[in-house]
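Below is one structure, written out as structure tokens; the observations come after it.
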Amino acid sequence: MTSEFLRRYYVLRIIKNPELYDLSKPYVTYEELRNALETIVERNQDDSLYEKLEFNSRKTITRDIKDIRAFNKIHIKHKRFHGYYVEEKDFEVSEHLKEIFEKTELYLLQHHAHAWKDYVTTSRTSLSPYVDLVALINAIECKYLIEVDYKGWYDDNRFQKIKNIFQPLHIKEINNAWYLIAHNSEIGIYALCLDSRINGLSITTRVCKNPISFNEAEYFKYSIGILKTDLKPEWLHIKVANHHFKYLESNPLHHSQVILSRPKDLDTQFLDYNNERIWGELKIYVEPNYEFYMQILKYNLWVKLVSPKHVVADLKAHIKCISDYYN
């Protein structure tokens with residue numbers, strides 16, 4: 001991340017949400033914007049990442065606003081004698097912009113991990129000491145081959161040991177774990193978990209002669225996690241109790257999620273799961289594999305799978321096995 005990028009990030013944040021910086025809405029004057037940027041610099045003294053926030057002349061801010069409009073499609077306006085502002089109708093949080101905000105904030109959390117340890121607790125992720133993510137990203141970009149020594153667990157390949165040459169394709173974080181998606185001509189595309197299963201990983205300077213192209217969104221299109229199986233994807237209908245419906249509306253189970261009906265009684269003081277009025281319904285189009293079952297079971301009695309019948313039967317058998325543990 002460059003200092004200029006960070007300055008544009010804060011310019012947009014301050015003008016869009018002035019109340020977060022103790023400023024009144026809806027207008028932010030140039031002087032208020034400059035003071036807010038300088039306050040951020042003061043809070044991060046001796047941190048070179050923030051040094052360009054001090055470059056905040058009117059000319060620089062004007063150029064930043066033009067860049068924000070060009071790259072983020074956000075039109076920051078200026079009203080004479082009032083200041084800068086963004087109209088709600090002009091501020092659409094696209095998936096691209098949402099991703100920029102999220103990754104910037106995650107980067108800042110990591111950058112300040114030690115200084116902010118008393119205020120922020122992040123999820124633990126397990127990375128093997130053999131792994132350097134930055135070097136791996138460079139290898140993916142340059143199409144360098146990597147040598148991997150990997151001992152799988154039961155879940156991923158029944159304890160199979162893999163020691164081979166791969167073309168690294170993509171790095172994916174999910175469920176507090178990091179995976180390297182890589183390709184080998186004999187094995188095909190494989191998801192290597194970057195934890196203690198990695199016994200060794202080295203990046204060569206050899207460029208892959210016949211590199212394959214890889215689209216993460218397309219490859220995992222019907223996956224609910226990291227698992228990709230030969231199961232046929234299908235529409236799975238799920239009922240959701242009202243108190244959890246709001247959560248899954250804001251945090252979809254899968255990108256394919258479609259809401260079929262909302263609970264007739266969205267807010268109730270008591271939860272009567274026999275009352276059909278508290279249930280909403282949605283559907284997702286995924287492979288009904290064990291990762292899907294794990295996801296559904298995570299939500300306890302707040303969700304119930306409705307169809308198709310054969311998937312319901314499989315889930316029911318799974319729950320019975322769990323129940324039998326406690327007989």
Side-chain angles (χ1 to χ4, degrees), residues 1-123 125 133-134 137-138 141 171 173 216-217 246-247 249-252 255:
M1 177 186 293
T2 65
S3 298
E4 288 85 355
F5 176 91
L6 190 63
R7 186 183 60 236
R8 290 194 294 269
Y9 166 80
Y10 276 116
V11 167
L12 178 56
R13 293 281 295 195
I14 294 166
I15 294 173
K16 178 62 180 68
N17 302 105
E19 67 277 11
L20 297 178
Y21 300 88
D22 200 26
L23 302 173
S24 59
K25 294 182 70 174
Y27 302 106
V28 176
T29 67
Y30 164 72
E31 290 74 16
E32 289 174 329
L33 178 59
R34 183 192 61 200
N35 291 338
L37 291 171
E38 290 177 354
T39 298
I40 294 169
V41 174
E42 289 174 9
R43 290 174 183 166
N44 297 276
Q45 287 183 358
D46 303 321
D47 190 334
S48 59
L49 180 64
Y50 292 84
E51 62 185 7
K52 291 294 179 67
L53 270 66
E54 291 184 300
F55 291 79
N56 49 40
S57 67
R58 287 184 183 273
K59 184 176 180 180
T60 300
I61 295 300
T62 299
R63 185 173 62 248
D64 284 344
I65 289 173
K66 288 181 180 178
D67 289 340
I68 290 168
R69 185 173 187 178
F71 297 126
N72 299 326
K73 311 304 180 186
I74 303 299
H75 189 189
I76 296 176
K77 299 178 180 178
H78 185 271
K79 187 174 182 179
R80 194 176 182 185
F81 305 125
H82 288 78
Y84 302 105
Y85 68 102
V86 179
E87 291 185 0
E88 289 298 325
K89 66 181 181 65
D90 293 332
F91 190 86
E92 180 182 352
V93 183
S94 63
E95 287 301 314
H96 172 68
L97 185 60
K98 183 179 179 182
E99 184 178 14
I100 289 174
F101 277 4
E102 288 178 351
K103 289 186 176 178
T104 302
E105 285 154 13
L106 284 172
Y107 178 86
L108 292 175
L109 281 174
Q110 180 66 27
H111 182 75
H112 293 285
H114 180 72
W116 292 353
K117 68 182 187 303
D118 292 335
Y119 317 115
V120 180
T121 302
T122 57
S123 296
T125 58
L133 285 185
V134 175
I137 292 169
N138 182 64
E141 187 176 23
I171 298 170
E173 182 191 13
E216 183 273 339
K246 298 173 184 176
Y247 175 83
E249 189 174 25
S250 299
N251 303 275
H255 64 80

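Computed from a prediction, not measured in an experiment: that's the story for all the values here.
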### Task
Quick one: do I40 and Y21 satisfy side chain to side chain contact (heavy atoms under 4.5 Å, CB included)? Show the steps, please.
CA-CA 10 Å; I40 294 169; Y21 300 88; 4.1 Å; yes
Gap between atom [atom2] of [Y] and atom [atom1] of [X] - 0.5 Å precision:
X: K25; Y: I15; atom1: NZ; atom2: CD1; result: 13.5 Å
X: L23; Y: I14; atom1: CG; atom2: CD1; result: 7.5 Å
X: T62; Y: K59; atom1: OG1; atom2: NZ; result: 10.0 Å
X: E38; Y: L33; atom1: CD; atom2: CG; result: 10.0 Å

With sequence neighbours excluded, residues passing salt bridge (charged side-chain N to carboxylate O under 4.0 Å, His left out) with [X]:
X: E42; value: none
X: R58; value: E31
X: E4; value: K52
X: R34; value: none

#### Entry: With sequence neighbours excluded, residues passing side-chain hydrogen bond (donor to acceptor under 3.5 Å, both in side chains) with D64
R7
### Message
Going by the rule side-chain hydrogen bond (donor to acceptor under 3.5 Å, both in side chains), which residues pair with E216 if we only count those two or more places apart in sequence or in a different chain?
### Response
K172
### CD/E141: more than 12 non-hydrogen atoms of other groups inside 6.0 Å
no
### Query
If only atom types and distance count, is the side chain of T60 paired as donor or acceptor with the main-chain N or O of N56 below 3.5 Å?
no
### Query
How close do Y84 and Y30 get, heavy atom to heavy atom, and via which atoms?
CE1-CA, 3.9 Å
### Task
Identify which one of D67, I65, I61 satisfies the side chain to side chain contact (heavy atoms under 4.5 Å, CB included) criterion when paired with R8.
D67
